[in-house]
**Student:** 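One structure, pasted below without further comment.
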Amino acid sequence: MAYETILCEVDGAIATVTINRPKVLNALNPQVAEELAQAFTALGKDAAVKVIILTGAGDKSFVAGADISAMRDMNPVQARNFSRQLQGVTSLMESLPKPIIAAVNGFALGGGTEIALACDFIYASETAKFGQPEINLGVVPGAGGTQRLSRLVGKSWAKELCLTGDIIDVALAKEIGLVNRVFPVDQLMDAVLKVAKKIASKGRVATRACKELINCGFDLPLNHALLLEAEAFCTCFASPDQREGMGAFLEKRKPDFKGEA
Ligand code: HXC
């Protein structure tokens, strides 16, 4: 599919989606949101793709937020629709049956932090910076920031970031649990590819179930979530991957997972 604001490359089991508006630090407008939705939908259906990487073009920015020039003259209805459109993209990312890894290679501000939060985890370069500066523009986060940020790093840090609009460096982002790992700029993509390949070598059924269980179970009462886990554990036994994985361990060889999810 031809996209104008993003790049979508598939190499074996790994797809890389790159938000590609470097002149405006990869700011998100309705077209980017639409193209991201199309790309993630297509990659979700592509049986060959097992893991997706999301990053930003250029060496300065992942995504510096929603496009302020596109938002300035929006009326309230258009603003709501844009918020719901971006929330739709982030919800789609979370519900995709395959992991999405954020490779944050610079500024991840506003909608940039929000779209990274919708990925399954974040690896970042030493130059990465995060923040929810919407308050400086007279608005609140609109692509899930108040909700996903507080669920990930706790209400206090979410409130400090959303209320001050401060931009934080990657060391603090790691300390509060927003970022999993930090790499020198020139090593980030290799590190992300390495972990993507490792995950792609696992079975589809278990990979999908892990993502769904952690995402869906998180907001449920523990006893309900544990029941979901037991049901998913049981479902794994309907896949050839369970026999392959356990058989490979007992035969002291590497597993070759072929199950479909
Ligand atoms: C539109 C943007 C932009 C943005 C940067 N640019 N961020 N354009 N929307 N979010 C443009 C600049 O205008 C400039 O264009 C070019 O990109 C380079 O940026 P500079 O500001 O010159 O770079 P620098 O001085 O290095 O500063 C980088 C920066 C700063 C700190 C990231 O650009 C910045 O503060 N950007 C805005 C960040 C922000 O407030 N994000 C939240 C948006 S609200 P020219 O033409 O001058 O070269 C949001 C809401 C999400 O995300 C929810 C929506 C529903």
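Fair warning: this is a prediction, and the values are worked out from it, not measured in the lab. Worth knowing before you read on, the calculation uses all heavy atoms, side chains too, and leaves out hydrogens, waters and symmetry mates. Ligands are counted one by one from 1 in listed order, and the atoms in each one are counted from 1 as well.
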**Student:** One thing to verify: whether K258 and D241 come together as a salt bridge, which I'm taking to mean a side-chain N less than 4.0 angstrom from a carboxylate O.
**Tutor:**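 No, this pair does not count.
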
**Student:** Is there a nitrogen or oxygen of A27 sitting under 3.5 Å from a nitrogen or oxygen of ligand 1?
**Tutor:**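 Among all N and O atoms of A27, none is under 3.5 Å from an N or O of ligand 1.
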
**Student:** Give a yes/no verdict on whether any heavy atom in P141 is under 4.0 Å from an atom of ligand 1.
**Tutor:**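 No, P141 has no heavy atoms under 4.0 Å from ligand 1.
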
**Student:** Heavy atom to atom 42 (C) of ligand 1, shortest distance: which of P30, P133, G145 holds it?
**Tutor:**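 Going through P30, P133, G145 one by one, P133 has the nearest heavy atom to atom 42 (C) of ligand 1.
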
**Student:** Indicate yes or no: at least one non-hydrogen side-chain atom of K174 is less than 4.5 angstrom from one of V182.
**Tutor:**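 Answer yes - side chains close enough.
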
**Student:** Examine the side chains of D67 and S69 and answer whether a donor and an acceptor come within less than 3.5 Å of each other.
**Tutor:**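 S69 and D67 do have a side-chain donor-acceptor pair below 3.5 Å.
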
**Student:** Any atoms of ligand 1 less than 4.0 Å from a non-hydrogen atom of M71? List them with their elements.
**Tutor:**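 Near M71, meaning under 4.0 Å from one of its heavy atoms, ligand 1 has 44 (S).
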
**Student:** Under 3.5 Å between any N/O of S69 and any N/O of ligand 1: does that happen in this structure?
**Tutor:**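 N/O-N/O distance under 3.5 Å: no.
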
**Student:** Under 3.5 Å, is there a donor on one side chain and an acceptor on the other for Q31 and T5?
**Tutor:**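 Absent: no donor and acceptor within the cut-off.
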
**Student:** What distance separates D120 CG from I52 CD1, expressed to the nearest 0.5 Å?
**Tutor:**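 Between D120 CG and I52 CD1, I get 9.5 Å after rounding to 0.5 Å.
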
**Student:** Looking at every non-hydrogen atom in both residues, tell me the closest pair between F82 and M71 and how far apart they are.
**Tutor:**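 Looking at all heavy atoms of both residues, the shortest contact is CE2-CG, 3.8 Å.
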
**Student:** So which of G144, G110, A64 gets nearest to atom 41 (N) of ligand 1, if we judge by its closest heavy atom?
**Tutor:**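 Shortest heavy-atom distance from atom 41 (N) of ligand 1: A64.
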
**Student:** Please say whether F82 places an N or O atom under 3.5 Å from an N or O atom belonging to ligand 1.
**Tutor:**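 No, there is no polar N/O contact under 3.5 Å.
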
